[in-house]
Amino acid sequence: MKLRKAIVCLSMCLAIGSSAAAPMASEAKSLEPKSEAKVSVKNQKNSKSGWVKRGKNRYYRMKNGKLCKSKYKKIGKYYYSFDSKGRMKTGLVKVNDKFSGYFSRKTGRLAYCVMDLKVKRVYKGSAVGQRKNGKSYELYDIPLTKVKLVNSKGKRIKASAVKKNDLVRVCFNGDILERYPAAFQEIVKIKLL
């Protein structure tokens with residue numbers, strides 16, 4: 001209704017063309033929505049956290065309105081990884097200096113963590129693996145039985161196939177028990193590289 005009155009008022013001003021038309025035109029303009037209102041609505045949208053999809057890429061907007069960038073972040077009950085532009089990363093991604101993670105190509109969630117170790121000793125049913133951490137070395141207990149053990153092509157192999165100085169990729173749930181040598185709490189699979 002207000003808009004209709006503004007249009008009628010504006011048309012009368014144009015028809016008359018007198019000096020009295022200027023105040024009426026300014027009244028009609030005051031009925032139009034201000035651009036400031038649009039800006040504040042836009043800012044409210046940016047302050048909401050949640051997932052954003054642009055083209056083929058997915059992003060996560062944090063509570064402060066900024067995109068999550070260059071981070072390994074827990075969102076809800078799952079972990080995700082983001083690059084320097086805020087794009088969600090999938091596949092094998094380096095998480096930190098200790099291990100990498102495999103992030104699902106479908107959901108982007110962390111499926112399992114990955115650590116590459118060089119086999120130093122092999123025992124009956126287990127091995128000790130080593131990884132260099134700066135100038136020191138860390139040792140890990142690697143069970144070779146009761147776990148899915150595969151070769152580089154993904155085919156199942158026996159524990160006897162693992163030898164000293166082999167490189168193995170341990171896929172685990174992310175939990176490492178602090179003991180000597182350290183142990184993985186739950187192993188998804190072990191791959192001979």
Just verifying a value: how many Å separate [X] [atom1] and [Y] [atom2], rounded to the nearest 0.5 Å?
X    : Y    : atom1 : atom2 : result
F184 : D175 : CZ    : CG    : 11.5 Å
L67  : R87  : CG    : CZ    : 11.5 Å
K74  : Y79  : NZ    : OH    : 4.5 Å
M88  : I75  : CE    : CD1   : 9.5 Å
K53  : R58  : NZ    : CZ    : 7.5 Å
E186 : Y112 : CD    : OH    : 13.5 Å

- Check step by step if side-chain contact (heavy atoms from CB on, under 4.5 Å) holds for M115 and R169. CA-CA 6 Å; M115 186 184 294; R169 176 167 287 163; over 6 Å; no
Can you find a heavy atom in the side chain of [X] that is under 4.5 Å from one in the side chain of [Y]?
X    : Y    : result
L92  : V114 : yes
L167 : L117 : no
L110 : Y72  : yes
K189 : I187 : no
I176 : Y140 : yes
V188 : N173 : no

Over all heavy atoms of both residues, which pair between [X] and [Y] is shortest? Give the atoms and the distance, please.
X    : Y    : value
S49  : K63  : CB-N, 3.6 Å
V162 : V119 : CG1-CG2, 3.9 Å
C113 : G174 : SG-CA, 3.6 Å
P181 : D141 : CB-N, 4.0 Å
K164 : V122 : N-CG2, 3.9 Å
V128 : I142 : C-CD1, 4.3 Å

Out of curiosity, does [Y] fall in the hydrophobic cluster containing [X] (side-chain heavy atoms, cut-off under 4.5 Å, transitive links)?
X    : Y    : answer
W51  : Y78  : yes
V170 : V93  : yes
I190 : L139 : no
Y123 : L192 : no

Short side-chain donor-acceptor distance under 3.5 Å, Y59 and R61: no
If we ignore hydrogens and angles and just use 3.5 Å, is the side chain of K163 paired with the main-chain N or O of S160 as donor and acceptor? yes
### Message
One thing to verify: whether D166 and K118 come together as a salt bridge, which I'm taking to mean a side-chain N less than 4.0 angstrom from a carboxylate O.
### Response
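The answer is no: the pair does not qualify as a salt bridge.
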One thing to verify: whether K89 and D83 come together as a salt bridge, which I'm taking to mean a side-chain N less than 4.0 angstrom from a carboxylate O.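 Salt bridge: no.
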Let's go through Y80 and F103 carefully: what are the C-alpha distance in whole Å and the side-chain angles of both, what is the deciding distance for ring pair (Phe, Tyr, Trp, His ring centres under 6.0 Å) to 0.1 Å, and is it a yes or a no? CA-CA 7 Å; Y80 299 87; F103 294 85; 7.8 Å; no
Extract all donor-acceptor atom pairs below 3.5 Å that involve side chains of residues 143-154 and protein atoms in other chains or at least two apart in sequence.
residue	atom	partner	partner atom	Å
N151	OD1	K153	N	3.0
N151	OD1	G154	N	3.1
N151	OD1	K155	N	2.9

